[in-house]
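So the structure is just underneath, and the comments pick up after that.
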Amino acid sequence: MQELSISTLVDMTIGLAQGANDQERFDKLLDAIRKTIQCDCIALMSLQNGMLTPLALQGLTKDTMGRRFKVSDHPRFEQICQSSHAVRFDADSPLPDPFDGLLIDHDGDLPMHACMGVPLIFGDSLLGVLTLDSLRPNVFDNISPRSLEALSALAASTLKMALTVSKLELKAQQSEQRIEELNTEAWERDGSNMIGASDIMQSSIPTFR
C-alpha cells in the first residue's frame, strides 16, 4: 500500500501556513498532493446548493475554472458526494467523466483511465470534493485508506478555513457599508454637524452610569 509520507504531510502543512491568500494555499495543497500521488489532473471544488465550483485546478484547461457542475447531472460526482470515504472508479467504468474534453494536451473523450474522488467533510458537513485523474489505469489502487483519510482531513480543514475567512470578510464589508450609509444619512439630515454628534450615531453609543 502506498502511504503519504510524514515529509509530504509536513510540506502540505507548511505550504498552507505560508500561503498569502486562499488561492495560494489551494495551489500549494495541490502541488504537495501531486508530489506523492501521480496524476494528470487534479481539482479542488466547493459544494453549495448542489453545485460544485472549481477553486483550484491543475492539468485542466483554463476555462474549466469558470464552469459550474451540477452534481445531479454527473453520476461520478454524485457517488463522491454521497460517500463518506474516497471513491475509486474502475478504469472501464461506464459513467461519463465530468472532465472529458477538458484535460490539457488531450482532445476528445478520455481513454480508459484512473479516476478517484475524495469527499471533503468537516464535522457533519460536506464542503466539497477533491478529484484526481490519471491516464494510467489503476494508478490509485494501492493508496492506503489511512493516507486518503489524512488527505481528506487536511483538504477539508483548508477549505473550511477559507470559507470561514470569506464569510468574516463579507460580514466586515457589509458592516462597513452600513456605517457609510448611516454616515451619509446623518450628513444629509444634520448638514455640517459632526457625524459623531448626530442622533443616529449617539443612539448607538452605550452609556455607562
Quiz item: Are there more than 12 heavy atoms of other residues, nucleotides or ligands under 6.0 Å from atom CD of Gln48?
Solution: no

Quiz item: For residues 125-159, which residue pairs qualify under ring pair (Phe, Tyr, Trp, His ring centres under 6.0 Å), counting only residues two or more places apart or in two chains?
Solution: none

Quiz item: Do Asp97 and His113 have side-chain atoms, one donor and one acceptor, less than 3.5 Å apart?
Solution: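 Distance-only check passes for Asp97 and His113.
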
Quiz item: If you measure only the distance, is there a donor-acceptor pair under 3.5 Å linking the side chains of Gln58 and Asp31?
Solution: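 Yes, side-chain donor-acceptor contact under 3.5 Å.
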
I need the [X] [atom1] to [Y] [atom2] distance, nearest 0.5 Å.
| X | Y | atom1 | atom2 | answer |
| --- | --- | --- | --- | --- |
| Leu159 | Leu154 | CG | CG | 11.5 Å |
| Glu149 | Ser84 | CD | OG | 9.5 Å |
| Gln23 | Leu55 | CD | CG | 7.5 Å |

Test item: [X] side-chain N/O and [Y] main-chain N/O as donor-acceptor pair under 3.5 Å:
| X | Y | answer |
| --- | --- | --- |
| Ser125 | Leu127 | no |
| Ser152 | Leu148 | no |
| Thr64 | Thr61 | yes |

Validation row: [X], [Y] side chains within 4.5 angstrom (heavy atoms):
| X | Y | answer |
| --- | --- | --- |
| Ile33 | Leu132 | yes |
| Leu151 | Ile143 | no |
| Val129 | Leu47 | no |
| Ile80 | Phe89 | yes |
| Pro96 | His74 | no |

Nearest heavy atoms of [X] and [Y], plus distance in Å:
| X | Y | value |
| --- | --- | --- |
| Ala114 | Arg136 | CB-O, 3.4 Å |
| Ala43 | Phe99 | CB-CZ, 4.0 Å |
| Pro54 | Leu57 | CB-CD2, 4.0 Å |
| Arg76 | Leu95 | NH2-O, 2.7 Å |
| Ile42 | Arg34 | CG2-CD, 3.7 Å |
| Phe122 | Ala156 | CD1-O, 4.2 Å |

Exercise. Could you list the residues that satisfy side chain to side chain contact (heavy atoms under 4.5 Å, CB included) with Ile121, not counting sequence neighbours?
Key: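 Partners of Ile121 under the side chain to side chain contact (heavy atoms under 4.5 Å, CB included) test: Pro119, Leu126.
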
Practice problem: Determine, step by step, whether Leu135 and Leu103 satisfy the side chain to side chain contact (heavy atoms under 4.5 Å, CB included) criterion, reporting the C-alpha distance in whole Å, the side-chain angles of both residues, the deciding distance to 0.1 Å, and the verdict. | Solution: CA-CA 10 Å; Leu135 295 178; Leu103 192 66; 4.0 Å; yes

Self-check item: Co-membership, hydrophobic cluster, residues Ile104 and Val139, 4.5 Å side-chain
Solution: no

Quiz item: If you group Ile, Leu, Val, Met, Phe, Trp and Tyr by side-chain heavy-atom gaps below 4.5 Å, do Met45 and Met51 land in one group?
Solution: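 The answer is no; the residues belong to distinct hydrophobic clusters.
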
Quiz prompt | Pair listing, salt bridge (Lys or Arg N to Asp or Glu O under 4.0 Å) test, anchored in residues 60-71, at least two apart | solution = Asp63-Arg67

Quiz item: Going through the distances and angles, do Leu120 and Leu44 end up as a side chain to side chain contact (heavy atoms under 4.5 Å, CB included)?
Solution: CA-CA 9 Å; Leu120 304 182; Leu44 175 67; 3.4 Å; yes

